[in-house]
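Bear in mind the structure is a predicted one, so any value in this text is a computation, not a measurement. These numbers come from the heavy atoms of this one structure, side chains and all, not from hydrogens, waters or symmetry mates.
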Amino acid sequence: MPRSRWSSVTYVGMFLLTLVLWLPFSFKTTGLMEEWGVIRIMETGSQLFFITPNSPLDGHRMRPLEVFIHSLAHALDPDSFLFFNVFQLLLMFGKMAAVYWLVLQFLPGRRLLAFVSGALFLVYPADRALFTFRAIHIQVALCSFLWAACLLIVFIRRRIRTAWLPLPGAVLLLLFSLMTYQVALPLAMLTPLTALAFVHWRDRRLWIASAAGYGAIAVALGYAYWALQASTGATYEMGLVAPASTAGDVFDAIGLAYERQVTGWATAWRGVGFYRPLEWAVIAGTLVFLATGVWVARRERDNEPGRPVSARRYLMVAAAAGAIVLLGMAVFLTIPTDRRQGFRIYLLAMAGSAVVLSLLLFGISRLVRRLRDALFLMLAVPFVALGYTFALQDHQFFVNNSLLQQQILQDMVNGAPRLTKDSFVVFLDHTQAVEREYVFSYGLYLDAAVNYVYGDQTIRTGYCPLKSPSMVKITCTFEPSSLHISGQDVEATVLGID
């Protein structure tokens with residue numbers, strides 16, 4: 001079989017591995033928190049494809065493409081979150097395919113090793129933001145960066161006339177990544193240096209690629225600085241970066257980052273059996289992994305035998321992958337509120353962890369003389385199964401909160417099918433349904449969700465927790481003819497939550 005055809009089969013297998021993560025849930029998950037606020041701004045007619053100074057999202061002007069993916073998903077289907085789900089799936093497939101391709105460049109002929117690395121990256125259990133739309137822009141940024149790195153390597157390595165075409169693509173993807181979220185900035189600074197694995201430092205294409213890459217970084221940082229100065233409003237970053245952080249705090253966070261790449265597997269193990277209905281999906285994902293792995297191993301053996309890779313090259317790749325764990329989360333080290341979280345800060349770092357683990361399992365499998373690839377796959381299977389257990393349960397968490405939100409909104413529509421303009425609706429929360437972080441962010445985004453459901457931006461919403469003090473300190477005082485919510489006297493239409 002031609003190499004291009006069996007390579008396509010490998011990518012189909014990787015797409016199926018990603019699709020399994022959505023099969024139990026379909027594509028109906030909605031936004032949960034800030035996504036509602038972003039959609040409310042778009043529903044008022046504001047464009048958010050490119051955030052400009054003094055716009056409704058002025059505080060995010062240093063990341064002008066931060067909500068580009070939200071705007072595109074909303075433009076394609078303003079009546080649902082379908083394309084949020086579709087884009088999330090494509091981004092996860094894209095980053096897995098990029099890691100597969102990159103490993104293959106640095107370790108030629110090791111297709112099975114590259115495939116296992118990509119699969120482990122897909123479900124690596126060190127971060128709990130894999131499926132939340134709150135972090136979809138970070139997925140966009142890291143996926144764009146990884147493919148920018150792929151295109152830069154294509155430009156440097158291929159010596160044909162059309163090999164110039166990947167260079168502008170790499171520059172645009174790198175710009176897109178850094179102007180969406182700066183998660184890949186430390187790695188982007190070092191990416192041109194990785195080309196020394198393929199060419200001499202005097203190589204002309206290396207210098208051209210380096211100039212283009214650093215030029216893209218300069219443009220992104222220059223724009224961020226200009227945007228900062230172009231408005232007097234505070235930026236999101238100003239509220240996060242501490243005036244000073246001790247070296248001890250930073251090193252503790254670095255140690256914790258590496259620790260979580262290991263303890264994440266213990267977390268995944270503790271979740272085994274927790275959601276029994278998801279076990280069939282874990283089995284399906286593991287079987288797809290095995291089937292694709294067997295295919296890759298057989299074709300690798302039949303079509304590409306005898307390309308030795310030195311032990312030194314393996315060690316260099318392992319060291320680089322280990323460094324990616326730090327570089328992939330380094331932008332969060334200056335943010336005291338974020339650097340110890342297990343949420344969104346390791347999404348790029350896990351690429352390094354996946355490659356290190358794959359190399360470790362690969363090395364163990366090389367200790368035997370026969371059936372090495374079979375042993376390699378068998379060693380990887382428990383980790384893939386645990387990864388799927390973790391990923392599917394993480395997805396289930398966000399789906400559950402989405403379903404709860406949908407039920408609350410459906411009850412509202414059933415109780416009040418029509419509301420006049422400028423209505424004020426009060427939700428009386430008898431069951432603490434809204435008193436959760438991922439249910440309208442403790443009610444903060446309930447107003448935006450109601451506006452979206454009714455298609456009316458004039459409707460205002462109040463939320464009254466009746467069984468416990470609100471996390472966001474909402475107070476409700478009922479009077480004979482009025483209701484006092486959080487210090488504002490209003491005449492209200494009262495709608496209870498059963």
Side-chain angles (χ1 to χ4, degrees), residues 95-96 98-108 110 113-114 116-118 120-122 124-127 138 141-150 152-153 156 174 177-178 181-199 201 206 209-210 213-214 217 245 247 249-265 309-335 338-342 344-363:
K95 69 181 187 180
M96 172 173 58
V99 166
Y100 165 80
W101 191 89
L102 287 169
V103 171
L104 206 50
Q105 302 311 299
F106 290 94
L107 299 172
R110 296 296 179 257
L113 174 58
V116 172
S117 298
L120 288 175
F121 181 36
L122 175 70
Y124 206 93
D127 198 294
I138 303 179
L142 72 89
C143 191
S144 299
F145 163 73
L146 289 172
W147 280 105
C150 292
L152 276 176
I153 291 174
I156 291 169
L174 185 55
S177 172
L178 296 177
Y181 204 89
Q182 299 91 351
V183 63
L185 178 59
L187 276 171
M189 299 290 289
L190 298 174
T191 296
L193 299 179
T194 63
L196 291 173
F198 311 113
V199 295
W201 70 270
L206 172 61
S210 299
Y214 290 125
I217 293 171
S245 295
D249 290 339
V250 172
F251 282 115
D252 284 348
I254 293 172
L256 183 61
Y258 282 100
E259 178 185 326
R260 282 182 172 157
Q261 308 311 304
V262 178
T263 59
W265 295 107
V309 177
S310 67
R312 180 171 174 267
R313 174 61 71 96
Y314 285 118
L315 291 174
M316 289 176 63
V317 171
I324 288 173
V325 176
L326 171 58
L327 295 170
M329 56 81 62
V331 294
F332 297 99
L333 290 176
T334 59
I335 308 173
D338 289 2
R339 63 185 173 217
R340 291 179 175 275
Q341 289 184 358
R344 86 184 183 279
I345 72 172
Y346 304 127
L347 290 176
L348 180 54
M350 292 189 299
S353 305
V355 173
V356 169
L357 178 57
S358 297
L359 284 168
L360 176 62
L361 299 179
F362 181 82

Would you please name every residue forming a salt bridge (Lys or Arg N to Asp or Glu O under 4.0 Å) with Arg340, sequence neighbours left out?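 Partners of Arg340 under the salt bridge (Lys or Arg N to Asp or Glu O under 4.0 Å) test: Asp252.
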When rounded to the nearest 0.5 angstrom, what distance separates [atom1] in [X] from [atom2] in [Y]?
{"X": "Leu359", "Y": "Ser117", "atom1": "CG", "atom2": "OG", "result": "6.0 Å"}
{"X": "Met350", "Y": "Leu122", "atom1": "CE", "atom2": "CG", "result": "9.5 Å"}
{"X": "Leu146", "Y": "Leu348", "atom1": "CG", "atom2": "CG", "result": "6.0 Å"}
{"X": "Ile156", "Y": "Ser210", "atom1": "CD1", "atom2": "OG", "result": "6.5 Å"}
{"X": "Leu113", "Y": "Phe106", "atom1": "CG", "atom2": "CZ", "result": "13.5 Å"}

Might you point out which heavy atoms bring [X] and [Y] nearest each other, and give the distance in Å?
{"X": "Arg260", "Y": "Tyr346", "result": "NH1-OH, 3.3 Å"}
{"X": "Gly213", "Y": "Leu174", "result": "O-CD2, 3.6 Å"}
{"X": "Arg110", "Y": "Val309", "result": "NH2-N, 3.9 Å"}
{"X": "Val331", "Y": "Gln182", "result": "CG1-O, 3.2 Å"}
{"X": "Leu347", "Y": "Asp127", "result": "N-OD2, 3.8 Å"}

Please output the side-chain donor-acceptor pairs of residues 318-330 that fall under 3.5 Å, not counting sequence neighbours, one pair per line with the distance.
none

Under 4.5 Å between any side-chain heavy atoms of Lys95 and Leu142, yes or no?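 In contact.
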Within the structure provided, determine whether Leu120 and Val116 are in side-chain contact (heavy-atom separation under 4.5 Å).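 Sidechains of Val116 and Leu120: in contact.
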Suppose we screen for side-chain hydrogen bond (donor to acceptor under 3.5 Å, both in side chains). Which residues come up paired with [X], at least two apart in sequence or across chains?
{"X": "Tyr124", "answer": "Trp265"}
{"X": "Glu259", "answer": "none"}
{"X": "Ser353", "answer": "Gln261"}
{"X": "Trp101", "answer": "none"}

Suppose we screen for ring pair (Phe, Tyr, Trp, His ring centres under 6.0 Å). Which residues come up paired with Tyr314, at least two apart in sequence or across chains?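 Partners of Tyr314 by the ring pair (Phe, Tyr, Trp, His ring centres under 6.0 Å) criterion, ordered by chain and then number, come out as Phe362.
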Taking only residues two or more places apart in sequence, or in another chain, which ones meet Phe251 in a ring pair (Phe, Tyr, Trp, His ring centres under 6.0 Å)?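 Phe251 satisfies ring pair (Phe, Tyr, Trp, His ring centres under 6.0 Å) with no other residue.
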Please report, to 0.1 Å, the donor-acceptor pairs under 3.5 Å made by any side chain of residues 187-197, with sequence neighbours excluded.
residue	atom	partner	partner atom	Å
Thr191	OG1	Leu187	O	2.8
Thr194	OG1	Thr191	O	2.5

Got a sec, which residues hit side-chain contact (heavy atoms from CB on, under 4.5 Å) with Ala141, two or more places apart in sequence or on another chain?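 Counting only residues at least two positions away or on another chain, Ala141 forms a side-chain contact (heavy atoms from CB on, under 4.5 Å) with Ser177, Thr180, Tyr181, Val183.
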Would you please test Phe121 and Val103 for side-chain contact (heavy atoms from CB on, under 4.5 Å) and show each step? CA-CA 12 Å; Phe121 181 36; Val103 171; over 6 Å; no
